[in-house]
Amino acid sequence: LNSVKNFREILVLDGGSTDQTLNIAKKYNCKIRKKTKKFKFKNNKIKDFSKLRDHILKLSKNDLVLFLDSDEFLNKSALKKIDFYSKSQISKKKYYSFLLGRFPIHKNKIINQKTIFYPNYQDRLFYKSNIKTFIKPVHERVIPKNKYLMKKKIENASILFPLDINYKKNYKKCEYYFEIEKNMVTRKNFFKSLNF
């Protein structure tokens, strides 16, 4: 929250936290919304990330929207670029999505090994007026309102997150994503829903 404290609006979608999350969010004047049952499994885990992202876009009062997970924070280098894109009418006519690099941190150091696969660039910044919808319940993908709008990779503007080296925790996370993927591909009309 500290990394985005100067944003016009911070939305926190709470899935049923039992720690100090909500108290901390209130200190940063966040708008707190509860995730409704339609977005969650009984164990409070998200069951459809795309529908949740669509919901967040509807809740936001601003057109340029940044998505961060609860363990991520924005590198200071990204702030000026995000501010620029929030004001640029030319960019708004050309782009629907901006890709930001994600870098893990271990022992307070950024792991910055550049290869063709790293950093992992993800769609995280969007003009909501240029978005039609998100698709896929997990590893979601965004669909623009028209085919002429483009994505743009923003170099030197990144999201940081702590590297989790706990094998069991990572394995459980993969199992959780796999279960959603499995349910997704066995669903009727799955390929039609991908907008092929």
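Everything numeric in this text was worked out from a predicted model, so none of it was measured.
- Taken together through direct or relayed side-chain contacts under 4.5 Å among Ile, Leu, Val, Met, Phe, Trp and Tyr, L125 and V142 form parts of separate hydrophobic clusters.
- Between L52 and F134, every side-chain heavy-atom pair lies at or beyond the 4.5 Å cut-off.
- Taking 4.5 Å as the limit, every side-chain heavy atom of F161 sits out of range of all side-chain heavy atoms of D69.
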Let's go through R102 and E72 carefully: what are the C-alpha distance in whole Å and the side-chain angles of both, what is the deciding distance for side chain to side chain contact (heavy atoms under 4.5 Å, CB included) to 0.1 Å, and is it a yes or a no? CA-CA 9 Å; R102 291 179 72 247; E72 296 174 333; 2.8 Å; yes
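- Residue V4 is not grouped with residue F73 when hydrophobic side chains (ILVMFWY) are merged at heavy-atom distances under 4.5 angstrom, including chains of intermediate members.
- Applying the salt bridge (Lys or Arg N to Asp or Glu O under 4.0 Å) test to residues at least two apart or on different chains, the pairs with a partner in residues 83-99 are D63-K92, D83-K87.
- Neither L99 nor M150 shares a network with the other; the hydrophobic side chains, linked directly or stepwise wherever heavy atoms of I, L, V, M, F, W or Y lie under 4.5 Å apart, form separate groups for each.
- Other residues, nucleotides and ligands place more than 12 heavy atoms under 6.0 Å from the NZ atom of K34.
- Side-chain atoms of L79 and F7, non-hydrogen and from C-beta on, do get closer than 4.5 Å to each other.
- In this structure, the side chains of F49 and Y177 come closer than 4.5 Å at one or more pairs of heavy atoms.
- Between L59 and L13, the closest side-chain pair of non-hydrogen atoms falls below 4.5 Å.
- Between the side chain of N75 and the main chain of A78, no donor-acceptor pair closer than 3.5 Å is present.
- Of the residues R124, R53, K51, the one that meets the salt bridge (charged side-chain N to carboxylate O under 4.0 Å, His left out) test with E140 is R53.
- Residues S60 and N62 bring no donor and acceptor atom of their side chains to less than 3.5 Å of each other.
- With rounding to the nearest 0.5 Å, the separation of OH in Y96 from CG in N130 is 10.0 Å.
- Residues I154 and Y85 are in side-chain contact: their nearest non-hydrogen atoms beyond the backbone lie under 4.5 Å apart.
- Side-chain atoms of E9 come within 3.5 Å of backbone N or O of K61 as a donor-acceptor pair.
- Cluster annotation: L66 and L57 are assigned to distinct hydrophobic clusters (Ile/Leu/Val/Met/Phe/Trp/Tyr, side-chain heavy-atom contacts under 4.5 Å, transitive).
- From I10, atom CD1 reaches atom CG of N29 across 8.0 Å, with rounding to the nearest 0.5 Å.
- Taken to the nearest 0.5 Å, the CD1 atom of I159 stands 10.5 Å off from the CG atom of D71.
- Contact record, C30 with L1: SG-CD2, 3.8 Å, taken as the closest heavy-atom pair.
- Shortest non-hydrogen contact noted between Y127 and S88 is OH-O, 3.8 Å.
- Residues I180 and F41 form a side-chain contact, since some pair of their non-hydrogen atoms from C-beta on lies under 4.5 Å apart.
- Across all their heavy atoms, L100 and A157 have their closest contact at CD2-O, 3.5 Å.
- Under a hydrophobic clustering in which Ile, Leu, Val, Met, Phe, Trp and Tyr are joined whenever their side-chain heavy atoms come within less than 4.5 Å, directly or via other members, L68 and V65 fall into different clusters.
- Sorted by first then second residue, the salt bridge (Lys or Arg N to Asp or Glu O under 4.0 Å) pairs that include residues 174-183, not counting sequence neighbours, are E179-K182.
- Within the model, atoms OG of S97 and CG of L149 stand 10.5 Å from one another, a figure rounded to the nearest 0.5 Å.
- To the nearest 0.5 Å, atom CD1 of residue I82 and atom CG of residue L74 are 4.5 Å apart.
- Sequence neighbours left out, the pairs with a member in residues 143-153 that pass side chain to side chain donor-acceptor pair (under 3.5 Å) are D123-K151.
- Separating the CD1 atom in I135 from the CD1 atom in I143 is a distance of 4.0 Å, to the nearest 0.5 Å.
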